[in-house]
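Protein chains get the first letters and strands the later ones, always in sequence-line order, with residue 1 at the start of each.
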Protein chains: 2
Amino acid sequence: MKKIYEDFLHSNQLKNTKQRKVLFDFVMNQKNHFTKENLLEYAQEHINNLGIATIYRFLHTLVKSNLLEEHEFGGEKLFEVKNPENHHDHLICEKCGKIIEFTNTKIEHLQEKIALEHHFKLLDHKLILYGTCQKCQKK
Amino acid sequence: MKKIYEDFLHSNQLKNTKQRKVLFDFVMNQKNHFTKENLLEYAQEHINNLGIATIYRFLHTLVKSNLLEEHEFGGEKLFEVKNPENHHDHLICEKCGKIIEFTNTKIEHLQEKIALEHHFKLLDHKLILYGTCQKCQKK
DNA sequence: TTAAATGCAAACGATTTGCAGGCGT
DNA sequence: ACGCCTGCAAATCGTTTGCATTTAA
């Protein structure tokens with residue numbers, strides 16, 4: 001993962017600055033979703049005067065490099081490390097915001113079939129289920 | 001549809017102003033997606049000095065009343081008349097932006113199953129397939 | 001009559017941009 | 001040394017809000 005990133009930087013004549021190193025360290029260790037504030041907070045503990053613009057520029061870079069995925073679930077944008085071998089979709093509780101990840105190969109196959117029927121080449125998809133989790137149903 | 005809307009207005013002590021009438025006329029005749037600019041353009045042909053704030057307030061009202069659905073596909077927000085009997089998902093060409101609507105009951109059933117497995121009560125879902133349409137593949 | 005709605009402009013939050021100086025290669 | 005990168009502040013974009021005035025019921 002780190003290697004892919006550094007190769008990406010190199011092949012695009014991008015420099016591995018100390019800001020990017022810190023930012024990438026944070027991202028690489030995220031198992032779940034994170035916001036730009038999470039990233040900013042971490043970064044500012046390590047680098048003085050780190051500007052918000054750097055955060056935005058970095059996130060764009062990672063999304064373009066296909067190492068990060070951007071979600072807009074509820075209000076704020078969430079980012080997540082994109083791992084092709086570990087694709088998943090999301091089930092979200094509308095009351096408490098809890099996010100559950102799932103995969104379903106049957107649905108994925110059906111998606112391919114639908115794309116085919118419309119002569120599309122399928123590149124990506126986004127499936128979000130909104131509901132109420134068990135705890136919130138009881139309340 | 002118009003009746004549902006007027007009932008909604010009445011039961012919420014909302015007034016059927018000339019602005020809302022014009023705005024609703026536009027919305028009611030949309031078979032596909034439209035943007036707030038589409039709505040604004042139409043409305044300003046009929047009413048002088050119609051402010052953008054009125055557009056936003058009207059759209060909120062309709063979304064709350066459950067007569068409109070809001071999408072955030074690519075860049076700008078799209079609105080669409082919400083018809084429970086005609087639910088559908090979207091297949092989008094990433095090159096030309098073409099949007100195709102589809103329904104697939106098998107997928108819907110699988111979604112219910114997934115929600116059940118996680119003890120969620122399923123309320124809504126959003127499925128978007130991104131791909132390249134036939135025309136754009138040839139280019 | 002009176003509560004809600006409108007237009008306007010100012011306020012707002014998130015994101016982007018231009019630029020002068022700094023830093024990695 | 002060169003060109004990319006950064007921090008900063010100003011600019012921008014979409015959207016929201018406060019307020020004085022108008023309008024539907």
Atom pair distance, as rounded to whole Å: CD1 in Ile55(B) and C1' in dT17(D): 17 Å
Please tell me which of the listed nucleotides, dG7(C), dA14(C), dT25(C), lies nearest to the side chain of Asn49(B)? dG7(C)
Considering only side-chain heavy atoms of Ala53(B), which listed nucleotide, dA5(C), dC8(C), dT6(D), is closest? dC8(C)
Give one of base, sugar-phosphate or nothing for His60(A), where a contact means two heavy atoms less than 4.0 Å apart. sugar-phosphate
Would you say dG7(C) has OP1 or OP2 under 4.0 Å from some side-chain N or O of Gln19(B)? yes
Check: Tyr42(A) ring centroid to Phe34(A) ring centroid under 6.0 Å: no
In this structure, is the centre-to-centre distance between the rings of His71(B) and Phe73(B) below 6.0 Å? yes
Between Glu70(B) and Lys18(B), which is nearer to the 5' end of DNA chain D once each is assigned its nearest nucleotide? Glu70(B)
Kindly state whether the ring of Tyr130(A) and the ring of Phe120(B) have centres lying under 6.0 angstrom apart. no
Rounded off to whole Å, could you give me the CG-to-C1' distance for the Leu39(B) and dT15(D) pair? 15 Å
Value in whole Å for how far the P atom of dC13(D) lies from OH of Tyr56(B): 12 Å
Counting heavy atoms from C-beta on, name the nucleotide in dG3(D), dA9(C), dG14(D) closest to the side chain of Lys36(B). dG14(D)
Whole Å only: how far is the CG atom of Leu78(B) from the C1' atom of dG14(D)? 15 Å
Testing dC8(C), dA25(D), dT6(D) for proximity to the side chain of Thr54(A), the answer is dT6(D)
Between dC2(D) atom C1' and Leu14(A) atom CG, what is the distance in whole Å? 16 Å
Is the His125(A)-His90(B) ring centre distance short of 6.0 angstrom? no
Salt bridge flag under 4.0 Å for residues Lys21(B) and Asp25(B): no
Under 4.0 Å, heavy atoms only, any strand: does Ile52(A) hit a base, just the sugar-phosphate, or nothing? nothing
Arg20(B) has an atom CZ; how far is it from atom P of dA5(C), in whole Å? 4 Å
For Leu40(A) and dA14(C), give me the distance from atom CG to atom P, rounded to whole Å. 12 Å
Closest to the Ile47(B) side chain, choosing from dC5(D), dA5(C), dG7(C): dG7(C)
Quick one: label Leu50(B) by what it contacts on the DNA or RNA (base, sugar-phosphate, nothing), any heavy atom closer than 4.0 Å. sugar-phosphate
Phosphate OP1/OP2 of dC5(D) contacted by Arg57(A) side-chain N/O (<4.0 Å): no
Short side-chain N/O contact from Gln13(A) to OP1 or OP2 of dC5(D), under 4.0 Å: no
N or O in side chain of Thr17(B) less than 4.0 angstrom from dA4(C) OP1/OP2: no
With a 3.5 Å cut-off and heavy atoms only, can you find an N or O donor on one side and an acceptor on the other between the side chain of Lys15(B) and the base of dA3(C)? yes
